[in-house]
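In listed order, ligands and their atoms are each counted from 1.
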Amino acid sequence: MENMSVNEPAKGELETVIGIDLGTTFSCVAVWDEAAGRPIVLTNSTGAKTMPSYVSFTDQARVVGQPAKSQAASNPANTVYDVKRIIGRSWNDQVVRDDAKSFPFRVVDGGNGRPKVEVSWLGAKKQMAPEEVSAMVLVELKRVAEKALGKACTAAVITVPAHFNDQQRQATKDAGRIAGLDVRRIINEPTAAALAYGLHGKKDTMDSGIAGSNVVIFDLGGGTFDVSVLSMEGGVFEVKATGGDTHLGGEDFDNNMVDWAVAEFEKIHGAGRANKLKSNARAIRRLRTACENAKRSVSSAPTTTLEVESLLDDADLSIELSREKFESLNDELFTRCINTVTTVLKDASLTIGDVTDVVLVGGSTRVPALQDRLKALFGGRIELCRSINPDEAVAVGAAVQGHILAAGDARTGGADLAGTTDLLLLDVTPLSLGIELEGREMSVLIKRNTTIPCRKSRSYTTVEDWQTSIDVVVYEGERRSVDTCNKLGEFTITGVERARKGEPKVEVTFALDANGILAVTAQDTVTGAKAGAEIKAKDGRLSADEIDKMVQDAEKHRAQDDELADKMTMQTALEGAVYSALSAARTKGDTDQVAALENVRDWLDYDSTNATLTEMTAKADFLRNNLGVAVNTD
Ligand code: AMP
């Protein structure tokens, strides 16, 4: 892809703007299919539509996605995941401190108040900003899109949780830049999910009689839970309220199942062996995987068998799991989820009757009991929007937004479309933005839930006689005192009119762009003095130089990544071919073929880690030419 340049669409053809759901545990990329007139989710070379947001580093290389997740157990200190939990946060943030404790990889103070992850890569210690790690995931998604579409993809819409603040959005945008993407828009995940269902085109009437709709987005993934209420009127979505739990998801269901399975194991094998099981990390890992699979099974079948061969030494585990049992194990968590919906509706000052649509997002919303409880909450009045795969709805919506932007650009030649089209969809600012006044009081310029892009100015003055400079300290938050708000940055305006206190007039302007990113300026209306407006966020934000360096680094690794990606594709193809040929040869009783294939299987399992692409290709040729086995690398 190196020698391809900007994605110049042919005349009459719309530019391709890919939609990316950059998730905590999984990511997904989609695009608008012009020919089909609808969005499609793009698959990687193994046919997967979602990719674990994992990056794993070794002495030889770096891998991203499923191959990285597969290394999490064998290479825990250098396999990085969940960076979305720390991106755009400062080192002093309690969330970072708490998460850092539970990660098996190191998170350190990277200087300038920012956290960095520390891994050993190519034989050396390397510290990386969360943006850099996210960029690696984005590069892989970009590659998936380019391979699937057969052309360079440089423009993207990326989604973030509705509760992300300015710095978290900025950092996500920076990650995109490092990955070589032109991030056209950062949009809220719930808004994307609503777009995926075409709810922006729907003309509903609320109980109040006003045309519009109120949409509840229920997003339960592997490790995070978000509930948002959006109101839509005239093609504009507003986030009315959000809630949830950043540490609740399908993994908690799995944990409850593991505890139950261990207790069942104890009934059969006694406390001594159960204790041994609990302290055997590998056995517990295998048990957790089996539990997750059983959980998925009881979403579609009434019962399943939870089975692990030789779980501990020669002791097998085989227990029946019914859907009822699964539900009783997790009943309390389900109740917590449903109660959150009630609370968020209350925060949005809406009643159950005001809700027009409920959208399911995230793999864990496949649990039938949760769907039943949600339906019951709305009195059976609402059909849940669940026709789109819940793992893909956010990326699909991002692709719809990408298409809307591309279509808008085609019509206006790239000019801003604000207010000129019914297709334009706007988000709102999740938190109020303002500056600190004397007495540490917060003076709000842009109120929470204001539709963006927007611009607000307010006049301020001095608090002392002959004061010629003013510190402008910018905060976001909902409290009256800045002590409990989040500081975004500060600057000083000098050259203010020399006068008695209260006389000078300094106009402060906040400009919030369509991505929810803020620029602040201050100007004295008499002297004309103007302050450097760019907020240099003290914590959390990378500098332009740092980003440039990371862009160069990312490019340097691209060639290496390309080879590695081809190698991974080849490895997967070889594995698929060998395992299916082995089973066919065993059925046939062809012992020579079985022995030859087992040889290749062992090489793949034990000796192929450091193999080059040429060696892998040679193995594929051997399978094709000597053993008559087809190897499909498409
Ligand atoms: P996400 O991060 O949105 O992809 O969600 C992944 C979570 O969804 C994981 O915890 C999965 O175990 C869970 N999940 C996926 N499919 C199912 C299913 N059929 N039933 C229950 N949970 C599922």
For atom 19 (N) of ligand 1, closest protein heavy-atom neighbour: Arg366 CD, 3.4 Å
Heavy-atom pair of closest approach, residues Phe253 and Ser364: CE1-CB, 4.2 Å
Residue Val367 vicinity, atoms of ligand 1 by number, heavy atom under 4.0 Å: 21 (C)
Spatial distance of atom OG (Ser299) from atom CG (Leu370) [nearest 0.5 Å]: 9.0 Å
N or O pair under 3.5 Å between Asp254 and ligand 1: no
Atom indices of ligand 1 within 4.0 angstrom of Gly362 heavy atoms, with elements: 3 (O)
Which of the ligand 1 atoms, numbered from 1, are nearer than 4.0 Å to a heavy atom of Thr25: 2 (O)
Test of proximity, Gly363 against ligand 1: N or O pairs below 3.5 Å: yes
Nearest neighbour of atom 22 (N) of ligand 1 from the list Lys295, Glu292, Glu392, on a heavy-atom basis: Lys295
Pair Glu292 + Arg288, salt bridge at N-O below 4.0 Å: no
For ligand 1, the portion of Ser364 having any non-hydrogen atom under 4.0 Å away: both
salt_bridge(Lys84, Glu189) N-O dist < 4.0 Å: yes
Flag for Arg366-Asn389: side-chain donor and acceptor within less than 3.5 Å: yes
Distance filter under 4.0 Å to Asp391 heavy atoms, resulting ligand 1 atoms: 1 (P), 3 (O), 4 (O)
Interfacing atoms of ligand 1 (cut-off 4.0 Å, heavy-atom, Ser299): 18 (C), 19 (N), 20 (N), 21 (C)
Protein heavy-atom partner closest to atom 6 (C) of ligand 1 - residue, atom, separation in Å: Gly222 N, 3.7 Å
Ion pair Lys116/Glu118, N-O distance below 4.0 Å: no
Salt-bridge contact Glu332-Arg336 (side-chain N to carboxylate O under 4.0 Å): no
Ligand-residue contact atoms, ligand 1 with Gly250, heavy atoms, under 4.0 Å: 10 (O)
Carboxylate-amine/guanidinium contact Glu140 Arg143, below 4.0 Å: yes
